[in-house]
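Every value quoted in this text rests on a predicted model; they were computed, and no experiment measured them.
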Amino acid sequence: MTITDMTSHFTSLSRALRIGIVGAIAIGLSACAPSFKADVSRFQAQLPAPQGQTFAVVAEDPALAGGLEFALYADLVAAEMAELGYVESAPEAANLLVRFDYEVDNGRERVRSNGFGSSSHFSAWGGFGGFGRRGFGRGFGGRYAYGFYDPWLAGGEVRSYTVYTSGIEMKIDNTATGERLFEGQAQAVSRSNRLQALVPNLVDAIFTDFPGNSGETLRITIREDGKSVRPAD
């Protein structure tokens, strides 16, 4: 075995271990929840069929480039692309450049009461409104509903907890022409802010029925026994 073969072998082993670690964390935490729901919005031009087309996954945010955490999630994206039939290569030799980003916000409080008033004054599900480092995407009409809550008026037991919005963004460009071929986002609201558990599910969601119908936003539910896909509310 040559030095090049050994390097390739250890690189592949390292990637397999990284994917395994992320998968184990995601599976372990998902056991606590019956399902994972994500809103996925995708736009595409003429994405070429995977007939020898090569790709490379790079960080959209330069601050993430070279990071170990980014490498974990980039491996998941690369595995999905390879499953479709595309061939991974170095960025300088790739036909397709897959730009990837991820983030989770700082959370918002949700209030719920079991009294005779309104049961909740914060809507957990929202649209693609943008958040975090730069604000994801252009905003797809946020649907968050904030309300006024007065426990003295509503009566009953009042409970509050924090919900977090997590999201990934993926763009695919033709390296020869610079043309944008695909862009998509997947966003979810949950009570966890652990990206190690959230990102694998979001990646799974954005690649469900990939590349999808351009301009369509879907609600994708991932359960242990399968997936369901329907138009978003």
Side-chain angles (χ1 to χ4, degrees), residues 18-43 57 64 69-84 98 100-110 112 119-120 122-132 136-137 140-145 159-170 182-213 216-233:
R18 292 200 301 264
I19 294 177
I21 290 171
V22 174
I25 293 173
I27 291 172
L29 292 180
S30 64
C32 303
S35 63
F36 179 90
K37 298 180 180 180
D39 276 359
V40 174
S41 183
R42 295 176 288 205
F43 299 85
V57 182
L64 299 178
E69 184 176 18
F70 174 79
L72 283 171
Y73 309 141
D75 286 347
L76 298 175
V77 175
E80 293 282 0
M81 291 290 291
E83 184 70 21
L84 292 170
V98 183
F100 183 69
D101 201 0
Y102 59 88
E103 195 166 10
V104 63
D105 70 3
N106 294 321
R108 298 169 306 284
E109 184 181 32
R110 182 173 182 177
R112 186 180 294 275
S119 62
S120 177
F122 172 78
S123 175
W125 276 103
F128 292 89
F131 61 91
F136 271 20
F140 294 97
R143 299 189 295 276
Y144 292 114
R159 297 181 179 179
S160 66
Y161 52 91
T162 303
V163 294
Y164 301 90
T165 302
S166 57
I168 62 172
E169 185 176 49
M170 191 173 77
F182 173 89
E183 57 185 38
Q185 297 179 340
Q187 193 175 65
V189 174
S190 66
R191 295 181 65 177
S192 170
N193 63 349
R194 298 191 62 180
L195 286 169
Q196 299 95 327
L198 297 167
V199 173
N201 283 320
L202 290 166
V203 170
D204 190 0
I206 204 170
F207 277 99
T208 297
D209 297 334
F210 184 86
N213 297 319
E216 185 177 52
T217 300
L218 300 172
R219 174 69 50 79
I220 296 177
T221 301
I222 301 173
R223 299 182 302 272
E224 289 186 7
D225 59 349
K227 302 178 187 178
S228 64
V229 180
R230 65 178 180 82
D233 297 332

Fill in the blank from the handout: Looking only at heavy atoms, the pair that brings Ser192 and Leu198 closest together is O-CD1, 3.5 Å
Exercise for the section: For side-chain hydrogen bond (donor to acceptor under 3.5 Å, both in side chains), just list the numbers for Glu109 and Ser160, CA-CA rounded to whole Å, side-chain angles, deciding distance to a tenth of an Å, and then say yes or no. Expected result: CA-CA 6 Å; Glu109 184 181 32; Ser160 66; 2.9 Å; yes
Exercise for the section: Taking Asp105 for its side chain and Thr165 for its backbone only, find out whether a donor-acceptor pair lies under 3.5 Å. Expected result: yes
Problem - Over all atoms of both residues, closest heavy-atom pair of Ile220 and Ala205 - result: CD1-O, 3.2 Å
Exercise for the section: Take atom CD of Glu83 as the centre, draw a 6.0 Å sphere, and report whether it contains more than 12 heavy atoms from other residues, nucleotides or ligands. Expected result: no
Practice task
Test Arg191 against Thr162 for side chain to side chain contact (heavy atoms under 4.5 Å, CB included), laying out the working first.
Solution key: CA-CA 6 Å; Arg191 295 181 65 177; Thr162 303; over 6 Å; no
Problem - Nearest heavy-atom neighbours spanning Asn201 and Ile222 - result: O-CD1, 3.5 Å
Exercise for the section: Say whether, by atom type as modelled, one donor and one acceptor occur between the side chain of Arg42 and the main chain of Ile206 under 3.5 angstrom. Expected result: yes
Exercise for the section: State, yes or no, whether a side-chain contact exists between Ser190 and Val163 at a heavy-atom distance under 4.5 Å. Expected result: no
Handout entry: Ala232 to Asp39 - nearest heavy-atom pair and separation
Key = CB-OD1, 4.1 Å
Practice task
Name the orientation class of the two ring planes belonging to Tyr102 and Tyr73 (parallel below 30°, tilted from 30 to 60°, perpendicular beyond 60°).
Solution key: perpendicular
Practice task
Nearest 0.5 Å please: distance from the CZ atom of Phe70 over to the CZ atom of Phe100.
Solution key: 7.0 Å
